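Note on naming: letters A, B, ... go to the chains in the order of the sequence lines (proteins, then strands), and numbering restarts at 1 for each one. None of the values given here were measured: they were computed from a predicted structure.
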Amino acid sequence: MDDGHAAPNQGFDGYREYFVGKRQLQKAQEDQLREVCGARPSIFRGCRVHVNGRTDPDREELRREIVMHGGTFVHYLARPSDATHIVAEHVPTAKRRLWRVCKVVRPAWVLACLRSGKLLPWQPYAAAGTEAAAGIVASAGSPQGPRLTCKDPGFIEDFFAKSRLHHLSTWKAALREKFLDRYLRTNEGALNDLRAPPAHILHVDFDCFFATVSGIKAGYQSKTEVPLAVCHGGSSSDVASCNYAARECGIRNGMWVSKAQELCPNLVCLPYTYDAYETVSNSFYEVLEDLKAFDAVYPISVDEAVCVIDRPLDTLSCQELCIRIRAEVAERTGGCVVSIGCAPSLVLARLALKRAKPDGYLVCVKEPIKGGDTQVVSPAHLFETCTLRDLPGIGRAIAEKLLLGFTGHEHTIAQVSQLFSRSELITRLGSITGAKLADLFQGLDDVESSRMLRNPRAYFARKSLSAEINWGIRFDSVPEIDAFLDRLVQYLVSKINELCMTTSQIVLKIARRSSDAPIEPPKYLGMGDCDSFSKSCQLGLATNNPGVISAEIKAAFRMLSCPAKELRGIAVQFLKLREASTSHMPRQLRLPFSTIKPLETPKNRMKASVTELPPVVYKRATPIKDFFERHKRTSNSPSPDFTHMMSAPALCESFLGELPTDLAEEIRREHRIYQKARSSYLQSSRKKVETGVHGNTSEHILENSEILGPITFQNLTSQEKIKSLVREWISQTLRSDGPNHEDLSLFTSYLDRLISGGPRRLPALLSMARLISDQLRIHESYGDKQSFHEWEEYLVRVVLVRLNRCKQLYTQNVEILFDIYPQIDRP
DNA sequence: TCTAGGAGGGAG
DNA sequence: CATCGCTCCCTCCTAGA
Ligand SMILES: Nc1ccn([C@H]2C[C@H](O)[C@@H](COP(=O)(O)OP(=O)(O)OP(=O)(O)O)O2)c(=O)n1
């Protein structure tokens with residue numbers, strides 16, 4: 001397994017020395033603390049207290065109080081008897097046996113002792129999961145309820161709570177956000193001088209992270225010879241992580257348990273301990289921070305970071321630093337092991353890390369001293385001992401693509417790099433991937449990887465937000481899927497709201513059972529072999545509105561025309577993220593209407609303006625698909641006949657309720673503008689009188705050569721071109737003196753012709769309304785200008801009224817839709 | 001020639 | 001019993017303007 005180049009434990013002596021010094025330092029610190037606070041009562045005299053897991057107050061605070069009040073703090077619990085008391089919120093399942101005889105108390109015990117100034121009996125504060133606690137709290141544990149399926153409301157959360165990949169992604173996103181936050185706030189944590197490539201890069205990664213942490217929780221030594229794997233259960237479950245004893249049998253991360261057990265019948269399966277992974281990860285990043293040895297620490301994942309030192313350092317110091325990091329992390333994490341690769345580039349650091357594992361470190365320098373330390377190697381050495389697949393960004397597919405037609409066995413990087421010139425790489429793999437590989441072959445970082453160092457702001461910025469579930473997806477009907485999509489969108493919307501962002505492009509991606517795949521795949525409730533399909537949709541306005549997004553997503557699902565029973569996976573993505581403006585923030589409109597009295601009679605309500613129109617209800621059966629196809633066409637291309645939709649058997653939803661962009665939402669939006677417009681209306685008319693400004697003095701932009709006929713505007717037939725023109729028109733007139741009255745009436749007549757075109761013209765009308773309101777939003781800074789008020793008024797009094805009328809015409813849900821009332825006066 | 005959508009890939 | 005196959009990002013390819 002190990003060829004001696006990265007012999008484990010070589011630095012052990014340094015390790016032990018380090019610890020002796022470390023303990024003395026801690027003791028000295030504690031003594032000093034006591035001296036300073038000499039007057040405090042020695043409540044915890046004789047107590048040796050260990051704090052386990054996440055606590056409130058946190059570990060550091062508890063430690064301070066315990067030490068200041070005469071106790072001893074046990075940093076690392078080698079044996080249960082090392083401590084007289086263990087402080088924890090609850091006892092991890094894995095520790096129940098081991099700690100059965102311990103006094104495991106909640107942090108509240110410490111606080112209560114402090115308050116009363118004396119040592120209190122611990123039993124009333126016994127932590128959940130101890131036998132003592134079981135005597136006090138009558139079995140508050142919530143045993144597994146009925147298993148949830150994808151049709152149940154709680155499924156998504158339930159699934160995510162157990163999904164390792166979800167945790168991995170969530171942690172990573174949080175770490176990136178935290179990094180960026182700090183960087184933007186303080187300009188700290190990243191490199192400042194980017195002129196030259198940094199001197200030393202240390203890639204630090206836990207050995208078999210989950211396996212080690214779960215192992216320790218279950219009472220195993222971190223370097224145990226017992227083969228361990230972390231997995232959920234039975235035979236078709238994934239091995240998330242296996243320790244190095246298990247790897248000697250050929251077991252690998254991601255392998256199925258059945259295969260793993262074939263390779264190693266003694267394999268011990270351990271449960272996931274997500275809380276513990278998080279705790280260890282926190283300690284890990286704290287250590288890197290506390291060492292104060294780096295110019296930058298970049299998060300890679302929950303168990304992995306890249307640390308950079310941007311000043312010259314001799315090889316010996318690099319080695320010492322590696323030893324120090326490894327010792328410190330082990331100390332602070334109850335014995336977890338990190339390995340480290342140190343090199344002048346990201347790629348070499350990665351390869352060095354690979355060779356350093358398990359339980360070691362490796363420093364790569366251009367010209368190592370011959371016959372020197374085995375922990376110091378040259379780039380050439382790494383290339384001779386690592387394979388193509390070890391290079392970052394080179395996975396199975398790319399490796400196969402590159403080596404297609406070459407003899408099949410494993411290749412070292414040194415060998416493969418001899419086979420291809422830069423241009424051959426580019427021919428085979430594409431311009432960017434080819435060039436990248438050529439760089440990697442020279443030990444240089446490609447452009448993309450170096451972005452992390454060169455432009456962390458862009459590199460760490462979030463560009464999308466998505467959620468997907470490809471397990472347990474088994475539906476019988478489309479309404480069930482609709483309900484699921486609603487929940488998934490709701491889930492994402494709450495995330496995007498936490499981020500204070502909006503999206504203007506959304507994507508639905510589905511996995512559909514391959515025609516040759518069995519109905520039920522080998523993996524229980526797995527997706528099996530699937531074909532994947534995706535459909536993206538641009539939203540006219542950036543939004544965070546679940547109704548709008550949900551409608552789009554459900555429409556997109558119909559476009560992909562996947563039979564409900566064939567669906568095996570669902571993903572929803574939000575792209576084109578922007579910071580939310582205040583108008584996207586919590587909606588006052590949504591407050592429960594019934595509980596709040598309207599201030600005025602329906603006079604304020606939009607329905608007042610349209611009551612004279614008889615409601616005409618169109619129902620439709622054929623899918624939204626037709627709508628989209630129509631939507632794509634320009635206005636002069638033949639549109640499909642709309643009537644077939646009305647004659648078909650009714651669906652329960654109204655036509656408008658199913659429009660990809662929910663008209664109701666649109667109108668709610670406009671209603672707010674209406675409020676604003678109303679309040680500014682008087683002002684603006686007053687101004688007009690004062691200054692003698694009249695609309696007709698505006699520059700006349702539109703040609704008055706309108707030919708009445710099949711819905712054209714300014715002789716344009718293409719909807720896109722019309723929109724362009726109108727956009728330009730609005731934008732220009734907003735900047736200057738507002739729209740010319742004649743232009744406005746030409747435009748109004750165009751809108752009226754759209755309306756008389758029937759429901760099939762509704763999208764065009766809607767998109768015009770959206771366009772105007774979009775322009776107003778874009779030019780919000782002109783909010784005080786006369787021109788702005790004029791457009792706003794036009795939107796509200798002309799466009800909105802027409803839209804409103806159509807709504808009356810084409811939907812049955814008039815009451816619900818228009819019974820909105822902005823609760824602006826609510827305290 | 002450029003763009004956008006969609007497919008695919010990699011990492012952890 | 002099972003099992004929890006996510007999520008981000010980049011790159012490539014191709015159809016259509
Ligand atoms: N297919 C995978 C790969 C990884 N992980 C999780 C479990 C790992 O513990 C953790 C870190 O991934 P690593 O690639 O760093 O793998 P390990 O830490 O397990 O092993 P190694 O020593 O090779 O780094 O991510 C996972 O659940 N499924």
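Across all strands, A:L148 comes closer than 4.0 Å to no nucleic acid atom at all (heavy-atom distances). Heavy atoms of A:F209 sit nowhere under 4.0 angstrom from any nucleic acid atom. If you check every strand for non-hydrogen atoms under 4.0 Å, A:G434 touches nothing. Residue-level contact check: A:E468 touches the bases, meaning some heavy atom is under 4.0 Å from a base atom. Backbone-only contact: A:R350 has heavy atoms under 4.0 Å from sugar-phosphate atoms and none from a base. Across all strands shown, A:N470 has heavy atoms under 4.0 Å from base atoms, whether or not it also approaches the sugar-phosphate. Looking at heavy-atom distances under 4.0 Å, A:E520 makes no contact with the nucleic acid at all. Residue contacts for A:R147: at a heavy-atom cut-off of 4.0 Å it reaches a base atom on one of the strands shown. Contacts of A:I432 with the nucleic acid, taken as non-hydrogen atoms under 4.0 Å apart, involve only primed sugar atoms and P, OP1 or OP2. Looking at heavy-atom distances under 4.0 Å, A:E157 makes no contact with the nucleic acid at all. At the heavy-atom level, A:A467 lies under 4.0 Å from the strands shown only through sugar-phosphate atoms. Looking at heavy-atom distances under 4.0 Å, A:D303 makes contact with sugar-phosphate atoms alone, never a base. The residue A:E304 sits close only to the backbone: its heavy atoms come under 4.0 Å of sugar-phosphate atoms, none of a base. Looking at heavy-atom distances under 4.0 Å, A:S431 makes contact with sugar-phosphate atoms alone, never a base.
The shortest distance between the side-chain N/O atoms of A:S236 and the OP1/OP2 oxygens of C:dT3 is below 4.0 Å. Considering only side-chain N and O atoms, A:K523 lies under 4.0 angstrom from the phosphate OP1 or OP2 of C:dC4. The phosphate of C:dC10 (OP1 or OP2) has no side-chain N or O of A:T433 nearer than 4.0 angstrom. Contact annotation: A:R176 side-chain N/O to C:dT7 OP1/OP2 distance is not under 4.0 Å. Within the 4.0 Å cut-off from OP1 or OP2 of C:dG5, at least one side-chain nitrogen or oxygen of A:R164 is found. Listed pair A:H166 / C:dT7 meets the phosphate criterion, a side-chain N or O lying under 4.0 Å from OP1 or OP2. Of the side-chain N and O atoms in A:S464, one or more sit less than 4.0 angstrom from OP1 or OP2 of C:dC9.
In this structure, A:Y524 counts as stacked on the base of C:dA2 under the 5.5 Å centre distance and 30° plane angle limits.
Checking A:G430 against A:G234, the closest nucleotide of DNA chain C that is more toward the 5' end is the one next to A:G234. Where A:C231 and A:K463 each meet DNA chain C at their nearest nucleotide, the meeting point lying more 5' is that of A:C231.
The residues A:R513 and A:D531 are annotated as not salt-bridged, no charged nitrogen and carboxylate oxygen being separated by less than 4.0 angstrom. Taking the charged nitrogens against the carboxylate oxygens, A:D158 and A:R147 have no contact shorter than 4.0 Å, which rules out a salt bridge.
A:F160 and A:H166 have parallel rings, their planes meeting at less than 30° on a 0 to 90° scale where 60° marks the start of perpendicular.
Taking only distance into account, the side chain of A:S163 never meets the base of C:dC4 through a donor-acceptor pair shorter than 3.5 Å.
Side-chain atoms of A:S423 and A:S421 include a donor-acceptor pair closer than 3.5 Å. Side-chain N/O atoms of A:Y277 and A:S214 include a donor and acceptor closer than 3.5 Å. Defined by atom type and a distance below 3.5 Å, a donor-acceptor pair is present between the side-chain atoms of A:D486 and A:S550. Of the N and O atoms on the side chains of A:S339 and A:D207, at least one donor lies less than 3.5 Å from an acceptor on the other residue. Judged by distance alone, the side chains of A:S494 and A:N497 never bring a donor and an acceptor atom under 3.5 Å apart.
Here the P atom of nucleotide C:dT3 and the CG atom of A:D238 are 9 Å apart, to the nearest Å. Distance CG (A:L525) to C1' (C:dG5): 12 Å, rounded to an integer number of Å. The separation between A:W471 atom CH2 and C:dT7 atom C1' is 19 Å, rounded to whole Å. With rounding to whole Å, A:L577 atom CG is found 15 Å from C:dT7 atom P. As rounded to whole Å, 10 Å separates atom C1' of C:dC6 from atom OH of A:Y491. Distance CD1 (A:I473) to C1' (C:dC4): 11 Å, rounded to an integer number of Å. One atom, CG of A:L465, and another, P of C:dT7, lie 9 Å apart when rounded to the nearest Å. Separating the CE atom of A:M527 from the C1' atom of C:dC4 is a distance of 13 Å, rounded to the nearest angstrom.
A heavy-atom distance below 4.5 Å is found between the side chains of A:L499 and A:E177.
Using C1' as the reference atom, B:dA11 and C:dT3 are 23 Å apart when rounded to the nearest Å.
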Assess whether side-chain contact (heavy atoms from CB on, under 4.5 Å) is satisfied between A:L525 and A:R474, documenting all intermediate values.
CA-CA 8 Å; A:L525 287 179; A:R474 297 291 186 278; 4.0 Å; yes

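In the 5' to 3' direction, nucleotides of DNA chain B lying under 4.0 Å from heavy atoms of chain A begin and end at B:dG5 to B:dG12.
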